[in-house]
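These values consider heavy atoms only, across backbone and side chains, with no hydrogens, waters or symmetry-generated copies. Note on naming: letters A, B, ... go to the chains in the order of the sequence lines (proteins, then strands), and numbering restarts at 1 for each one.
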There are 2 protein chains.
Amino acid sequence: MARVATTTDAFNAVAEPKRRQILDVLVAGERSVNDLVTLLGLAQPQVSKHLRVLREVGLVDVRDDGRQRMYRLNGHALKPIHDWLKNYEQMWNDRFEALDDVLDDLKQTEAADGGSSK
Amino acid sequence: MARVATTTDAFNAVAEPKRRQILDVLVAGERSVNDLVTLLGLAQPQVSKHLRVLREVGLVDVRDDGRQRMYRLNGHALKPIHDWLKNYEQMWNDRFEALDDVLDDLKQTEAADGGSSK
DNA sequence: TTATTATATACCTATATAGGAATATGTCAA
DNA sequence: TTGACATATTCCTATATAGGTATATAATAA
């Protein structure tokens, strides 16, 4: 079997770096396809194709504006990724590293109390 | 061209749902390959293969223990994903939704002051 | 109408999977 | 040693991309 489809969920859609770039541009606001082509230096068909994937997983919405199509970010579609990461945050959080320091201090104090002089 | 390699970064490694499942098990602590096979109901070779991908992107570390190999999570490798999401959090945060409510209220008050009676 | 601009789709190709099955490697026990 | 267990690797196949190029569709302008 091949890989899970890119349009399966936000995880897969966002695995492609150029699609992340597109989203990063759209955070600032609505953009036409051509804007994205210019800003990212990609070929127009590939931009359209990436946008289709992003649209299929709900990461962007479109609006017709004359002959342009304005794409706009829908950040909510990223929440499942953020939610999944919740269980792991503690592993790199400053707050937890601070806690680790405290625990290390406690251990050292214990060791000192225990009598190890070296 | 095909898709970006699964071993390119955490984004791609984690796009595969079964690899996320493996990580979800490892949050609780170290596990042998067979533990994972049993807990997840997957075939042993596929588990080994998924673990290889996770190892190549630094998401897990291994330790030899007799004939077992104990795998352990390295959550730090997920931080780049979390960092990337930082720019988007505001779009689904309660705090921002609360702010939206406030802004809506303001708008309504304005409208009322403006004289729209209907 | 025709031309021009903006975007989407179709077609082609190379490539990297993920799973299944078989087998290799490695470690311990008898 | 031989056998049993634990894990990794190899080989095979079907499939879904991503990029390139060409073309279709759609909307405006002349």
Q: Scan side-chain atoms only and decide if B:Y88 and B:N93 contain a donor-acceptor pair under the 3.5 Å cut-off.
A: no
**Q.** In one Ile/Leu/Val/Met/Phe/Trp/Tyr side-chain cluster, 4.5 Å: B:L73, A:W92
**A.**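 Linked, B:L73 and A:W92 end up in one cluster.
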Q | Cluster link B:L54 to A:M91, ILVMFWY, side chain under 4.5 Å | A | yes
Q: Please work out which residues in residues 15-41 of chain B have a non-hydrogen atom less than 4.0 Å from an atom of DNA chain C and list them by number.
A: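 Close to the strand are B:E16, B:K18, B:R19.
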Q. Are A:R69 and A:D64 ion-paired here, with the side-chain N under 4.0 Å from a carboxylate O?
A. yes
Q: Can you measure from CZ (A:R20) to CG (A:L78) and round to the nearest 0.5 angstrom?
A: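 It is 11.0 Å, given to the nearest 0.5 Å.
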Q | Spacing of CZ belonging to A:R19 relative to CZ belonging to A:R52, to within rounding of 0.5 Å | A |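 Result: 12.5 Å between the selected atoms.
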Q.
Looking at C:dT17, I'd like to know if its phosphate oxygens (OP1 or OP2) sit under 4.0 Å from a side-chain N or O belonging to A:R3.
A. yes
Q. Phosphate oxygens OP1/OP2 of C:dT7: is one of them under 4.0 Å from a side-chain N or O of A:Q68?
A.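 Yes, such a contact exists.
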Please state how far atom [atom1] in [X] lies from atom [atom2] in [N], giving the value in whole angstrom units.
| X | N | atom1 | atom2 | value |
| --- | --- | --- | --- | --- |
| B:M70 | D:dA6 | CE | P | 12 Å |
| B:R69 | D:dT9 | CZ | C1' | 13 Å |
| A:M1 | C:dA18 | CE | P | 12 Å |

Q: Kindly point out which of C:dT5, C:dA8, C:dA16 is positioned nearest to the side chain of A:Y71?
A: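 Shortest atom-to-atom distance from the side chain points to C:dA8.
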Q) How would you list, by chain and number, every residue that makes a side chain to side chain donor-acceptor pair (under 3.5 Å) with A:N34, sequence neighbours excluded? A)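 For A:N34 there are no side chain to side chain donor-acceptor pair (under 3.5 Å) partners, ignoring immediate neighbours.
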Q.
Return whichever of B:D64 or B:T6 has its heavy-atom-nearest nucleotide of DNA chain C closer to the 5' end.
A.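 Per heavy-atom nearest nucleotide, the more 5' residue is B:T6.
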Q) What is the ring orientation for A:H82 with B:H82, classed by angle as parallel under 30°, tilted 30 to 60°, or perpendicular over 60°? A)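 Ring orientation of A:H82 relative to B:H82: parallel.
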Q. Hey, can you pull the residues of residues 44-60 of chain A with a non-hydrogen atom under 4.0 angstrom from DNA chain D?
A.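 Result for residues 44-60 of chain A: A:P45, A:Q46, A:K49, A:H50, sorted by number.
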